[in-house]
Structures are given as structure tokens and as C-alpha cells.
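Hydrogens, waters and symmetry mates play no part in the numbers below; they use all other heavy atoms, side chains included. Chain A is the first sequence line, chain B the second, and so forth, proteins listed ahead of strands; every chain is numbered from 1.
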2 protein chains.
Amino acid sequence: MRARAGRKGPRPAHSLDDIAREAVALADAQGLAAVSIRAVAAELGAGAASLYRYIASKDDLYDLMVDEVAAEYDLPDEPSGDWIADLTLVAERGRAAYRRHPWAGQLSAGASWGPRVQDYMEFLLAALEPTGLDIPERVDFIALLNNWIANFAQHEIQPVDGDAAAAKARHVESIAADPSRPHLAGAMASLLRTDPADAHPDLLFRRGLDRLFHGIAPR
Amino acid sequence: MRARAGRKGPRPAHSLDDIAREAVALADAQGLAAVSIRAVAAELGAGAASLYRYIASKDDLYDLMVDEVAAEYDLPDEPSGDWIADLTLVAERGRAAYRRHPWAGQLSAGASWGPRVQDYMEFLLAALEPTGLDIPERVDFIALLNNWIANFAQHEIQPVDGDAAAAKARHVESIAADPSRPHLAGAMASLLRTDPADAHPDLLFRRGLDRLFHGIAPR
DNA sequence: GCCTACTGCGAACGCTGTATGCAGTGTGCG
DNA sequence: CGCACACTGCATACAGCGTTCGCAGTAGGC
């Protein structure tokens with residue numbers, strides 16, 4: 001969406017896509033905190049200040065990263081008309097994308113929409129037409145779905161070992177051992193027990209999606 | 001949860017609650033970005049490094065802030081048994097809290113649970129018992145509900161005027177004027193049209209909650 | 001062939017979170 | 001009673017951050 005400037009002077013040495021790709025690669029490899037202007041510039045073989053010829057701010061860079069990830073959805077031009085199938089497709093693509101880019105959940109909330117995110121929104125708004133939801137409800141539900149998927153993928157992987165993870169584990173164990181909040185203690189204990197990722201995440205994912213579509217009320 | 005140290009030496013000049021309160025006030029008044037160690041310390045009339053006698057890191061401070069906000073829920077000791085009523089109560093308290101503290105949504109995702117957050121979890125886990133959901137589903141749904149409420153409250157207030165807001169508005173208008181994505185253009189146009197906050201947010205809130213409980217499938 | 005819009009970027013500014021070391025304090029113990 | 005020492009507050013420093021400024025160099029349009 002940038003205004004292509006007049007075409008005098010030297011050709012830009014990089015492109016927005018280059019920058020976005022490099023930033024995404026950096027975040028994938030070393031976490032979102034490793035994405036600094038200087039680091040991205042260095043990865044491109046450029047000086048730090050040079051990046052500001054392409055982006056206006058760091059938030060701008062974040063927007064580019066989100067749009068880059070949105071490209072991975074690669075959705076069909078038109079929804080099929082079966083809204084459950086359409087949303088399931090989006091959800092599966094999203095789950096895969098968030099597994100590849102766990103940091104994306106933090107950015108997608110506040111980002112302004114690039115062209116690929118707009119394609120994503122367009123598809124989902126159209127896919128939700130058969131539900132009869134009005135526009136604000138659809139927008140609301142899309143955000144809800146997106147958050148749920150990001151959250152699911154986040155907990156699905158949770159690789160980051162180290163001292164912070166150990167502290168977290170000790171914290172969970174202390175909660176599980178605290179009898180003053182029995183429901184919470186039971187929940188933490190059961191989460192600790194079934195940790196080894198055997199819980200068939202595919203099944204959990206489908207079940208969660210079904211709850212989103214049909215609600216949590218007992219049927 | 002801090003180990004109360006041996007009681008030699010001078011009394012600490014501040015308390016964790018003081019610190020949390022000051023940090024929350026700062027975030028409320030000037031946004032989350034204004035919460036820096038130095039700023040909080042200055043507000044307390046202390047030196048910057050002094051805060052590290054109370055907290056271990058900035059994330060630790062964030063945890064305190066989240067727990068401080070969680071205290072505002074002030075939930076009953078036991079859920080009533082009517083899970084819809086219980087969840088509605090939590091949702092309304094949450095909505096009020098997130099309206100007072102719009103920044104809390106960004107922190108609540110990654111924070112580790114202090115005692116007040118644990119009380120909140122305990123209540124909700126118990127409240128969800130009548131639904132028959134298993135433990136992981138309940139935890140999942142609680143996160144979903146929390147995200148939805150934070151998101152709702154965020155869009156409900158959106159006060160922050162200035163140049164960033166103006167740029168965002170221009171962006172939305174350009175999307176509304178782009179015919180290549182008709183559903184999205186229609187959605188943005190309709191959002192622009194009904195902007196003046198007349199849309200009875202209470203009604204929207206209740207309707208959204210109902211969708212969470214009963215799903216979005218046409219009935 | 002020059003004017004000029006453009007690019008890349010070294011250097012600097014003000015800010016951040018955090019580590020270190022030291023002076024001062026007051027309680028518990030000998 | 002007095003001293004040892006665990007404890008507090010904090011000045012200072014460090015590395016890194018996002019961002020700005022100004023300048024050198026490049027190349028298309030007239």
C-alpha cells in the first residue's frame with residue numbers, strides 16, 4: 001500500500017517482502033524479542049537506519065510480518081457455501097501457521113491489515129454469510145476464532161525449555177498441591193498428569209472448533 | 001507468594017500492592033508503554049534500582065498488575081450452580097475491569113497466576129462443572145471467554161485520538177472504497193456508518209455471550 | 001550534462017531493563 | 001548492652017533499543 005515514489009535515484013536494494021521474510025525468519029528462530037531493527041537490517045546486510053527507507057516504524061514492521069504470515073493461508077477465491085467446512089479449512093491453515101510462527105498471535109491483535117490479511121478477512125466474511133450473523137458479529141467471531149487458534153497452537157507446542165519453563169512448572173506444581181482451591185488444584189494436577197502430548201491434539205482441535213460452532217451448552 | 005525474608009534490617013518502604021497499584025494507575029493514565037521501571041519507581045518516590053528489591057523482572061511487575069486487576073472481579077466464594085448466570089457475572093465484571101484497564105488484555109495472556117487470578121480460575125472451573133466439559137476444555141474456554149471480553153471492551157471504548165487514530169480511520173475508509181474485496185468493503189462501510197456508539201453495546205455484549213454459550217450455528 | 005529526487009547509512013539522542021557495589025539501618029543474639 | 005550481619009535504598013553503569021539527522025553517493029529526466 002506504499003505510494004511508489006518517483007523513480008529517480010538508485011534502485012532500492014531491498015523490497016518489503018525481503019524485509020518481512022527476514023523478520024519472520026528471525027522471529028521463528030530466536031523469538032519475537034530478537035526482532036530488532038538492527039538485527040533485521042544486519043540480516044539483510046544493511047545498516048540499521050536504512051530500514052527506515054522502507055518502513056515507518058517498528059509497528060509497521062510488525063504489520064508486514066503479520067501480512068507475511070497471512071499469505072500462508074492461501075485460501076480459495078470463494079468460500080464453498082458450507083460454512084462449517086470453510087471455517088474448518090481456515091482453522092486448519094491457521095493452526096499450521098501459528099505452529100510455524102508462535103509469536104504471530106501477539107502481533108495479530110493490534111496489527112493493521114495488509115493485503116493478505118484483507119484477503120483472509122474477505123474469505124471469512126463471505127464464508128460466514130450462511131450463518132445469518134450480522135456484520136459486527138462476524139467481525140467479532142473472526143477475532144474470536146483467530147485468538148482461539150493462536151492460543152491452541154501456542155499450548156500445543158510449548159517447547160521453550162530453560163529456567164523460565166522450570167519456574168513455571170514449579171509454579172503449576174505448587175498450585176496443584178494447594179488444597180485451598182480444590183478445582184484449580186485438580187485441574188493443574190490433571191494437566192500435569194496428561195502432559196506427554198499423547199492427548200491427540202487433532203481430536204482436541206476438532207472438538208474445540210465444534211464448541212465454537214455449536215456452543216458449550218450440554219446437548 | 002514471595003518468601004517473607006528474615007526480619008532484620010530496616011522495614012521495606014513499600015509493598016507489592018503499592019507497586020502494583022502505582023503501575024496500574026500509570027498504565028491507566030498514560031498507556032502500558034508508560035509503565036517503565038523508572039517511572040513506577042519515581043511515582044513511588046523511590047530510585048529505579050530500588051524496585052528490584054521487590055520484583056525480579058519487568059514481567060514480574062506485569063504479573064502483579066494482572067493480579068491487581070483480577071482483584072476487581074470480587075467473585076463470590078462459590079458459584080451458584082447456574083452456569084450461565086455464573087459466567088454472565090464473570091463476564092460483566094470482566095467487561096468493567098477491561099474498560100477501566102484496556103491494557104490488561106495484552107498482559108493477561110502470558111502472565112503467571114497470582115493469588116487473585118487463581119481465585120478467578122477456581123470460581124470459573126467450578127462454575128463450568130455443570131456443563132460437563134472436561135478439564136482441558138474448561139481451561140480452554142476460560143481463556144477464550146477472557147480474550148473475547150478483553151477484545152469487546154477494547155473496541156467498546158477506543159478513545160485514543162491523535163494521528164495514529166486518524167491514519168487508522170483513513171485506512172479503514174480506503175478498504176471500504178476498494179471494490180476488489182466486496183464483503184470486506186461492505187463490512188468496513190457498515191462499521192463506519194454505525195460508528196457513533198449508539199449500537200447499544202449492552203445488547204451486543206449479551207448477544208455475543210449467548211453466541212459463546214450456544215454457538216453461532218443458525219437455530 | 002547537470003539538476004535533483006532518491007538511496008544507504010554512520011553517528012548520535014534519549015530511553016529502556018537490569019547488574020553491581022556500597023552506604024546506611026535496625027533486629028536478634030551473644 | 002553492643003555488635004554482627006541480614007537487610008534496605010539507590011547511584012552508577014552497561015548494553016541494547018527505536019528513531020532522527022545530515023551527508024555522501026547514485027542515476028533518471030529535462
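Mapping A49(A) and A48(B) onto DNA chain C via the closest heavy atom, the residue that lands nearer the 5' end is A49(A). In terms of position along DNA chain D, the nucleotide closest to S36(A) lies nearer the 5' end than the nucleotide closest to the other residue of the pair R53(A) and S36(A).
The interatomic distance linking L44(B) (CG) with dG9(D) (C1') rounds to 13 Å, in whole Å. Regarding R11(A), its CZ atom lies at a distance of 15 Å from the P atom of dC6(C), rounded to whole Å.
The residues R116(A) and D17(A) are annotated as salt-bridged, a charged nitrogen and a carboxylate oxygen being separated by less than 4.0 angstrom.
Out of dT18(C), dG9(D), dT7(C), the shortest distance to the side chain of P12(A) is found at dT7(C). Which of dG29(D), dC14(D), dG8(C) sits closest to the side chain of R38(B) comes down to dC14(D). Listed nucleotides dT19(D), dC10(D), dG9(D) differ in distance to Y52(A); the shortest reach to its side chain belongs to dT19(D).
Here A13(B) lies in heavy-atom contact (under 4.0 Å) with sugar-phosphate atoms only.
Side-chain rings of W148(B) and F141(A) stay apart, their centers remaining 6.0 Å or farther from each other.
Taking side-chain N and O atoms only, Y54(B) has no distance below 4.0 Å to OP1 or OP2 of dT8(D).
Applying the side-chain contact (heavy atoms from CB on, under 4.5 Å) criterion to D28(A), with sequence neighbours excluded, gives V24(A), H101(A), W103(A).
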